[in-house]
> 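Have a look at the structure that comes next, please.
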Amino acid sequence: MLRWSTGWRVLSQVAAAKLPAMYAATRLYGAGGGVKAGKRGGGGGGGPQEVPQPHQYRPPLPYAGARGARFQPPPPHLHTGGKKKTWNFIQEKVSYDTFFTMKRLIQRSRRPDEVLRWLAQNPAKISHNHYAVALHKIAQLLQAGGEDGAGGEDGRRLLEQHDFRSLCDAVAGGCAAFDNFSVVNCLYAAAALGLPGDCAMVSALEAECHGRLSVFNQKDVSMVFSSSVKLHPGGRHPLAEACLPALEGNLERERHPQTLFLLLAYYRLKWRDGGDDHDEHEQSRRRAPDERKILRAVKHTLASVSGMRDQEMALLDEMLAACARQADNKSLEFIFGSHLFYQNRQERFIRSLAEELPKKEESLSASSMSLIAKYVARHRLRETALLDAIANFLVRKAEHLDSKVIQKLVFPFSRMSYRPPNRDQFFRVLEEVLESKAMISPLATVNILMSLFQLGRFPGAVLHRVFSPAFVGNVTNSPCVLIVRRYLSLLDAALELERPDYRGPRLHPDLKVLMFHQALTADEVNRKYSYKGVVGEALRQLLGEDNYKQDQVLAPGYFTDFVLRMDPAGRVLPIQSGGPSPADSTQEADDDIADLSSSLAALDVGAVDGAGAATEPAYVAAPSDSGPQYYVAEYRSLESHDGSTLSSPASDGDPAPAAAVPPNALFFPDEVGAGSSADQATAGDGSAPEEDKQIRRLVISVNDKWHYCHNSSVLVGSRAMRDRHLRLLGYAILQLPYHELEKLNGIEEVKTYLRAKLLHVPP
């Protein structure tokens with residue numbers, strides 16, 4: 001028998017522990033039998049409330065109490081005697097100290113069997129309000145002890161224990177006398193324990209809850225509904241159906257994420273059950289009310305929940321797809337404006353919306369359409385039907401739209417490298433808008449122009465406006481001067497490479513800067529998911545550190561993964577450090593500053609070398625005391641590898657072919673010794689024939705998943721334009737797509753894969 005002391009009179013001051021963020025095993029609220037319970041049961045009584053705190057699991061301590069005692073229901077009346085304060089629970093009177101002492105002992109238990117022993121060995125001190133606390137604590141301990149909670153081996157053993165069956169029998173036999181708190185929480189704890197839905201205790205509690213629904217408050221209804229859905233998965237139970245009207249009538253007051261997701265899961269069950277009608281029109285008419293309920297629940301979930309697990313995101317996606325037909329302009333603006341929705345890819349909803357959007361196009365606002373465009377661009381969703389609807393909207397309303405809105409509507413087309421069916425009208429309208437609104441928003445103007453360039457469109461009239469002194473002067477005085485100069489620099493380089501016949505105004509060389517001076521933001525953020533690291537290690541082992549360069553910025557400012565040099569026989573050649581590269585070398589540019597004026601003039605008018613050969617711009621970084629590194633152009637012949645920004649100085653001589661290596665073979669330092677004749681042959685003395693000086697420059701591009709449109713082989717627009725320009729600059733590009741790299745296991749397989757790729761370098 002327990003010995004009570006006056007020390008237990010003082011309520012323990014438990015530090016408020018943060019409740020589990022979303023998915024607590026149970027939702028006990030109020031005291032385990034305090035004021036709230038007394039009020040609900042109709043009994044009098046007062047006193048402090050004690051909110052149960054989540055249990056912090058600790059290793060169990062040995063239990064030294066008596067064994068073999070069995071659980072017995074408490075007597076209907078407990079006479080405490082003396083002047084001890086009493087606590088009224090319906091027809092029971094339990095000592096204030098006794099009730100809270102037992103409650104604390106149960107909550108501090110470390111094992112389920114310890115909870116049961118407290119109940120079994122102290123029948124005279126147990127109130128029915130302790131039942132809910134005990135069941136709740138057992139569920140907590142089981143979930144803390146294993147990933148599958150009560151469904152694990154410990155849970156199965158517990159359900160077979162005599163003490164636990166006695167507890168269940170006591171609850172089933174006495175629940176009619178329980179207050180609302182105990183009935184609701186016992187049912188909720190039974191669901192958390194994973195008890196079968198047809199067991200006696202669950203059936204008795206469900207019958208009692210069904211009879212009291214009219215007097216339950218919102219939280220009671222929410223917990224009963226959640227319990228019923230969990231106890232009867234995959235089926236529509238009468239108790240859940242009875243809870244729906246009250247739950248839906250006060251949905252905006254529901255804040256518990258678990259209830260909201262269980263409600264969506266219940267809607268999904270009803271939705272799937274109602275999909276057998278072959279008459280599409282009749283099915284659509286019959287489903288409309290359910291779709292409106294689903295839409296309301298989805299919107300409230302997005303407004304109330306701050307985070308979701310994967311299975312809940314999949315559920316939300318399916319329910320969004322189900323209610324896409326009912327989503328009007330206001331609803332779409334709310335959904336796409338939700339931060340939680342924006343951060344996650346909802347493919348099923350986007351596919352459904354692509355079918356419905358053309359029907360809603362007339363009623364949608366520019367704000368809603370720009371949010372949709374922003375979303376599909378962020379997640380690289382190349383849903384052509386949806387993009388076609390955006391293109392039609394833009395063509396119809398472009399003249400009434402702000403430039404900043406137009407840039408959002410245009411961006412997904414360049415992002416996904418997609419030219420809509422009405423491309424001629426689409427491009428013409430954009431060019432007219434740009435020509436008339438170019439000066440209003442410089443940054444939006446160059447963004448739109450960049451999108452057009454990525455799609456292969458070079459509007460001459462707009463270029464005259466953008467490269468005009470008035471526009472450039474406006475840019476240099478704006479807060480976004482550096483960003484616009486970067487874009488204008490890339491636009492100017494694109495004109496040089498892709499439209500050599502263009503004779504209009506160009507960007508002044510003094511304003512040119514590197515477009516990208518480091519890796520793209522997406523590449524930096526996703527670095528830990530990239531295959532670039534394993535490819536770099538394989539190249540190091542395969543070629544040696546001196547035979548490739550990593551993370552080089554090539555003019556006009558393109559960040560590359562790996563750069564190699566190869567001779568006509570296919571041998572990889574060493575790359576000596578110190579070559580002129582915009583990313584890491586400025587010393588060699590000092591000798592060219594004296595000839596800066598002639599170089600700048602050459603950029604504007606174009607140049608051809610003395611032999612009449614085709615030329616390319618090789619950019620050299622010019623030093624500056626502040627601000628970005630400017631680059632200037634020097635025209636060098638493609639027929640000399642001196643034009644390479646990665647080549648060694650001319651005085652070092654050109655590498656000659658290695659006679660010891662057969663044609664079409666690779667020179668791998670890990671196969672040929674550092675002091676071998678082959679290694680010495682590659683150094684050369686510059687006496688090789690002229691045709692052997694044709695050095696191929698190779699860019700190895702590791703294309704990770706985010707470099708493609710989602711579930712597509714189409715590269716995103718910026719990546720595609722980069723590759724296009726590098727080829728025009730004379731680089732061969734070796735693509736290493738992620739879907740090939742993800743099949744490789746271990747560094748040796750990656751080396752074998754790279755060896756095969758390097759033996760068949762594309763032209």
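The basis for the numbers below is simple: all heavy atoms, side chains too, and nothing from hydrogens, waters or symmetry mates. Just so you know, these numbers come straight off a predicted model, no measurement behind them.
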> Do the side chain of Arg565 and the main chain of Pro574 share a donor and acceptor less than 3.5 angstrom apart?
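At least one qualifying donor-acceptor pair exists.
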> Do Phe467 and Leu495 come close enough that some side-chain heavy atom pair is under 4.5 Å?
yes
> CD1 of Ile390 to NZ of Lys408: how many Å apart, nearest 0.5 Å?
13.0 Å
> So with a 6.0 Å cut-off around OH of Tyr548, is the heavy-atom count from everything else above 12?
yes
> Of Ile350, Leu386, Leu387, which is the lone residue that meets side-chain contact (heavy atoms from CB on, under 4.5 Å) with Leu381?
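Among Ile350, Leu386, Leu387, the one that satisfies the side-chain contact (heavy atoms from CB on, under 4.5 Å) with Leu381 is Ile350.
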> Is a side-chain donor or acceptor of Ser414 paired with a backbone partner of Leu455 at a separation under 3.5 angstrom?
no
> Checking Asp492 against Lys512 for the side chain to side chain contact (heavy atoms under 4.5 Å, CB included) test, could you report, in this order, the C-alpha distance in whole Å, the side-chain angles of both residues, the deciding distance, and whether it holds?
CA-CA 9 Å; Asp492 186 84; Lys512 295 177 182 177; 3.1 Å; yes
> With side chain to side chain contact (heavy atoms under 4.5 Å, CB included) as the test, would you mind laying out the steps for Ile700 and Asp561 before giving the verdict?
CA-CA 6 Å; Ile700 297 180; Asp561 297 327; 5.8 Å; no
> If you compare all heavy atoms of Pro459 against all heavy atoms of Leu452, which two are closest, and at what distance to 0.1 Å?
CG-CD1, 4.1 Å
> Can any side-chain N or O of Asn447 pair as donor or acceptor with the backbone N or O of Leu443 at less than 3.5 Å?
yes
> Whether the side chain of Arg380 engages the backbone of Ser712 through a donor-acceptor N/O pair (distance < 3.5 Å, no angle test) should be reported.
no
> Between atom CD of Glu361 and atom CG of Asn392, what is the distance when rounded to the nearest 0.5 Å?
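Rounded to the nearest 0.5 Å, the CD-CG separation comes out at 5.0 Å.
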> Hey, can you tell me if Tyr558 and His725 have their rings parallel, tilted or perpendicular (30° and 60° cut-offs)?
tilted
> Using atom types as modelled and distance alone, determine if a side-chain donor or acceptor of Ser489 lies under 3.5 Å from a backbone N or O of Leu514.
no
> Could you tell me whether the side chain of Tyr342 reaches within less than 4.5 Å of the side chain of Lys374, counting heavy atoms only?
yes
> Counting only N and O atoms by type, is there a donor-acceptor contact under 3.5 Å from the side chain of Arg485 to the main-chain atoms of Leu511?
yes
> Between Ser365 and Asn329, do the side chains contain a donor N or O and an acceptor N or O under 3.5 Å apart?
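Note: Asn329 and Ser365 side chains meet the donor-acceptor criterion.
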> Supply the atom-to-atom distance Leu394 CG to Leu409 CG, rounded to the nearest 0.5 angstrom.
5.0 Å
> Which heavy-atom pair separates Leu758 from Leu734 by the least distance, and what is that distance?
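Closest heavy-atom pair between Leu758 and Leu734: CD2-CD2, 3.9 Å.
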> What is the ring orientation for Tyr708 with His739, classed by angle as parallel under 30°, tilted 30 to 60°, or perpendicular over 60°?
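Aromatic pair Tyr708/His739 classed tilted.
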> Thinking salt bridges, do Glu362 and Arg396 make one under a 4.0 Å N-O criterion?
yes
> Any donor-acceptor pair under 3.5 Å linking the side chain of Tyr375 with the backbone of Gln346?
yes
> Can you tell if the side chain of Ile372 reaches within under 4.5 Å of the side chain of Leu357, non-hydrogen atoms only?
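Side chain of Ile372 against side chain of Leu357, heavy atoms only: contact under 4.5 Å found.
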> Could you state the interatomic distance from CG (Leu736) to CG (Leu754), rounded to the nearest 0.5 Å?
6.0 Å
> Working to the nearest 0.5 Å, report the span between CG of Asp546 and CG of Leu573.
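Asp546 atom CG to Leu573 atom CG measures 12.5 Å (nearest 0.5 Å).
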> Over all heavy atoms of both residues, which pair between Asp723 and Gln735 is shortest? Give the atoms and the distance, please.
OD2-NE2, 2.8 Å
> Got a sec, which pairs hit salt bridge (charged side-chain N to carboxylate O under 4.0 Å, His left out) with one end in residues 433-445, sequence neighbours left out?
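Qualifying pairs, neighbours excluded: none.
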> Do the non-hydrogen side-chain atoms of Val446 and Phe471 ever get within less than 4.5 Å of each other?
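With C-beta onward as the side chain, the pair touches.
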> Take atom NZ in Lys757; do more than 12 heavy atoms of anything else shown fall under 6.0 Å from it?
yes
> So Ser530 and Trp706, side chain to side chain contact (heavy atoms under 4.5 Å, CB included) or not? Walk me through it.
CA-CA 9 Å; Ser530 175; Trp706 55 91; 3.9 Å; yes
> Of the non-hydrogen atoms in Met721 and Leu490, which two are nearest, and what is the gap between them?
CE-CD2, 3.9 Å
> First locate atom NZ of Lys404, then atom CD1 of Ile440, and finally report the distance between them rounded to the nearest 0.5 Å.
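If we round to the nearest 0.5 Å, Lys404:NZ and Ile440:CD1 are 10.5 Å apart.
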> Without swapping roles, check the side chain of Arg415 against the backbone of Ala377 for a donor-acceptor pair under 3.5 Å.
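Here the side-chain-to-backbone pair exists.
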> If you look at every heavy atom in Pro762 and Ile733, which pair is closest and at what distance?
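The pair with the smallest heavy-atom distance is CG-O, 3.1 Å.
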> Check whether any side-chain heavy atom of Ser701 sits under 4.5 Å from a side-chain heavy atom of Arg719, and report yes or no.
yes
> Output yes when Glu537 and Arg540 qualify as a salt bridge under the 4.0 Å nitrogen-oxygen rule, no when they do not.
yes
> Is the count of non-hydrogen atoms from other residues, nucleotides or ligands lying under 6.0 Å from Lys705 atom NZ greater than 12?
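At most 12 heavy atoms, drawn from other residues, nucleotides or ligands, come within 6.0 Å of this atom.
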> Kindly indicate, with the supporting measurements, whether the criterion side chain to side chain contact (heavy atoms under 4.5 Å, CB included) is fulfilled by Phe559 and Asp551.
CA-CA 6 Å; Phe559 195 85; Asp551 298 337; 3.5 Å; yes
> Side-chain donor-acceptor pair under 3.5 Å between Arg378 and Gln343, yes or no?
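Arg378 vs Gln343: donor-acceptor pair found between side chains.
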> Looking only at heavy atoms, what is the nearest atom pair of Ser367 and Glu333, with distance?
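It is OG-OE2, 3.1 Å.
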> Can you list every pair that meets ring pair (Phe, Tyr, Trp, His ring centres under 6.0 Å) and has a residue in residues 383-420, with sequence neighbours left out?
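Residue pairs passing ring pair (Phe, Tyr, Trp, His ring centres under 6.0 Å), neighbours aside: Phe413-Phe426.
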> Taking side chain as C-beta onward, heavy atoms only, is Ser451 less than 4.5 Å from Gln407?
no
> I want to check something: taking the side chain as every heavy atom from C-beta on, are His508 and Val472 in contact at a cut-off of under 4.5 Å?
no
> Please check if any side-chain donor atom of Thr445 sits under 3.5 Å from a side-chain acceptor atom of Arg465, or the reverse.
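Absent: no donor and acceptor within the cut-off.
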> Any side-chain heavy-atom pair from Met450 and Leu491 closer than 4.5 angstrom?
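Yes; the side chains approach each other to less than 4.5 Å.
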